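The basis for the numbers below is simple: all heavy atoms, side chains too, and nothing from hydrogens, waters or symmetry mates. As the structure is a prediction and not an experimental result, all values here were calculated from the model.
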Amino acid sequence: MTKHHPDTLILMEYSAGNLSEPHALCIRLHLDQCPHCRSRVDTLDSLGAVMMESQPQVGVSSDMFDSILSRIDSEPNMTEEYISTRAKRVGPLQKLLGEDLNSLPWKRQLGDVSVLDISERFPGQSEQVVLQKLAAGGKAPAHTHRGDETTIVLQGAFADQKGVFNQWDFVVLNQDDDHKPVAVGCEDCITLSVLSAPVKLTGTFTRLLNPFIR
């Protein structure tokens with residue numbers, strides 16, 4: 001059961017369609033597993049619909065409805081195709097990665113941490129999008145953030161001074177957060193993070209690597 005959720009402001013931005021594609025992906029992954037937040041988004045969507053109804057009406061041509069019906073009638077297999085598409089539907093993460101998380105071409109970064117930068121899969125976006133794997137029982141280097149970092153846990157769990165973050169938990173960190181995550185449980189912890197700027201290592205020795213982090 002998820003315990004850490006997006007705040008109302010983030011959900012409002014998601015409902016309004018104002019989030020970048022990587023951030024929206026993090027929200028969708030959380031919503032797929034969190035009835036509480038799905039209910040909140042449904043409420044926000046309903047409020048948005050009410051607000052739209054209060055806007056001045058825009059006139060449309062009298063034959064538009066007939067034109068739409070005609071297009072539907074011209075697609076005899078639409079229902080069958082729709083059902084087939086729904087049956088074959090895959091989740092947004094599987095669609096993005098196309099394979100099992102543990103089978104990805106991970107690159108060892110530092111100590112118990114491996115990473116896979118997937119930013120190129122979001123063309124036109126300014127944020128860095130990174131998958132991170134922390135080996136079971138392992139520790140990530142102490143670090144803070146030069147900007148905002150949005151993270152969702154895809155597998156396993158990690159703990160820091162703020163608590164334990166389990167699968168599908170959601171967290172936003174910034175320059176005020178200095179932490180050293182530890183993977184808890186018996187499996188590797190895999191997260192998806194969207195960063196507006198690189199992290200900043202704060203350990204006694206690891207901070208010497210900061211000039212090389214991009």
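In this structure, the separation between CD on Gln33 and CG on Asn166 is 13.0 Å, given to the nearest 0.5 Å. Atom NE2 of residue His145 and atom CG of residue Leu173 lie 4.5 Å apart, to the nearest 0.5 angstrom. How far OG1 of Thr144 is from CG of Asp176: 7.5 Å, rounded to the nearest 0.5 Å. In this structure, Ser119 OG and Leu195 CG are separated by 8.5 Å, a value rounded to the nearest 0.5 Å. Distance check, rounded to the nearest 0.5 Å: CG of Leu104 to CD1 of Ile190 gives 7.5 Å.
For Trp106 (side chain) and Gln132 (main-chain N/O), no donor-acceptor pair under 3.5 Å exists by modelled atom type. Using modelled atom types, one side-chain atom of Arg38 and one backbone atom of Leu31 make a donor-acceptor pair closer than 3.5 Å. Distance alone, capped at 3.5 Å, is enough to place a donor-acceptor pair between the Asp112 side chain and the Lys139 backbone. A donor-acceptor pair is defined here as one N or O able to donate and one able to accept, closer than 3.5 Å; no such pair exists between the side chain of Asp32 and the backbone of Leu29. The main-chain N or O of Leu96 is found under 3.5 Å from a side-chain atom of Arg121 such that the two form a donor-acceptor pair. With hydrogens and angles ignored, the 3.5 Å screen pairs no side-chain donor or acceptor of Ser39 with any backbone N or O of Pro35.
Between Ile152 and Asp169 the shortest side-chain heavy-atom distance does not fall below 4.5 Å. Contact annotation: the side chain of Arg28 never approaches that of Cys26 to less than 4.5 Å [non-hydrogen atoms, C-beta and beyond]. Considering only heavy atoms from C-beta on, Val115 stays 4.5 Å or farther from Leu131 through its side chain. Leu134 has its side chain out of reach of Val182: every pair of non-hydrogen atoms, C-beta onward, lies at least 4.5 Å apart. Contact check for Leu97 versus Leu93: side-chain heavy atoms found under the 4.5 Å cut-off. Arg40 is listed as a side-chain neighbour of Thr8, based on a closest heavy-atom distance under 4.5 Å. No side-chain heavy atom of Phe158 sits less than 4.5 Å from a side-chain heavy atom of Val164. Under the 4.5 Å side-chain criterion, counting only non-hydrogen atoms from C-beta, Cys189 is in contact with Val153.
Between Gln128 and Asp117, the side chains place a donor N or O and an acceptor N or O closer than 3.5 Å (distance only, hydrogens not considered). Using a 3.5 Å distance cut-off with no hydrogens or angles, the side chains of Asp100 and Gln94 do not pair a donor with an acceptor.
Applying the side chain to side chain donor-acceptor pair (under 3.5 Å) test to residues at least two apart or on different chains, none of the pairs has a partner in residues 182-191.
Cluster annotation: Leu116 is not connected to Val130 through the hydrophobic network of ILVMFWY side chains, with a link wherever side-chain heavy atoms come within less than 4.5 Å.
For His30 and His36, the gap between ring centers reaches or exceeds 6.0 Å. Ring centers of His4 and Phe170: at least 6.0 Å apart, outside the cut-off.
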Would you list the atom pairs, donor with acceptor, under 3.5 Å between side chains in residues 15-25 and any protein atom, with sequence neighbours excluded?
{"residue": "Ser15", "atom": "OG", "partner": "Asp45", "partner atom": "OD1", "Å": "2.5"}
{"residue": "Ser20", "atom": "OG", "partner": "His23", "partner atom": "ND1", "Å": "2.9"}
{"residue": "Ser20", "atom": "OG", "partner": "Glu127", "partner atom": "OE2", "Å": "3.2"}
{"residue": "His23", "atom": "ND1", "partner": "Glu127", "partner atom": "OE2", "Å": "3.4"}
{"residue": "His23", "atom": "NE2", "partner": "Thr150", "partner atom": "OG1", "Å": "3.4"}

Candidate pair His179 and His143, rule side-chain contact (heavy atoms from CB on, under 4.5 Å), full reasoning: CA-CA 6 Å; His179 67 155; His143 64 276; 3.1 Å; yes

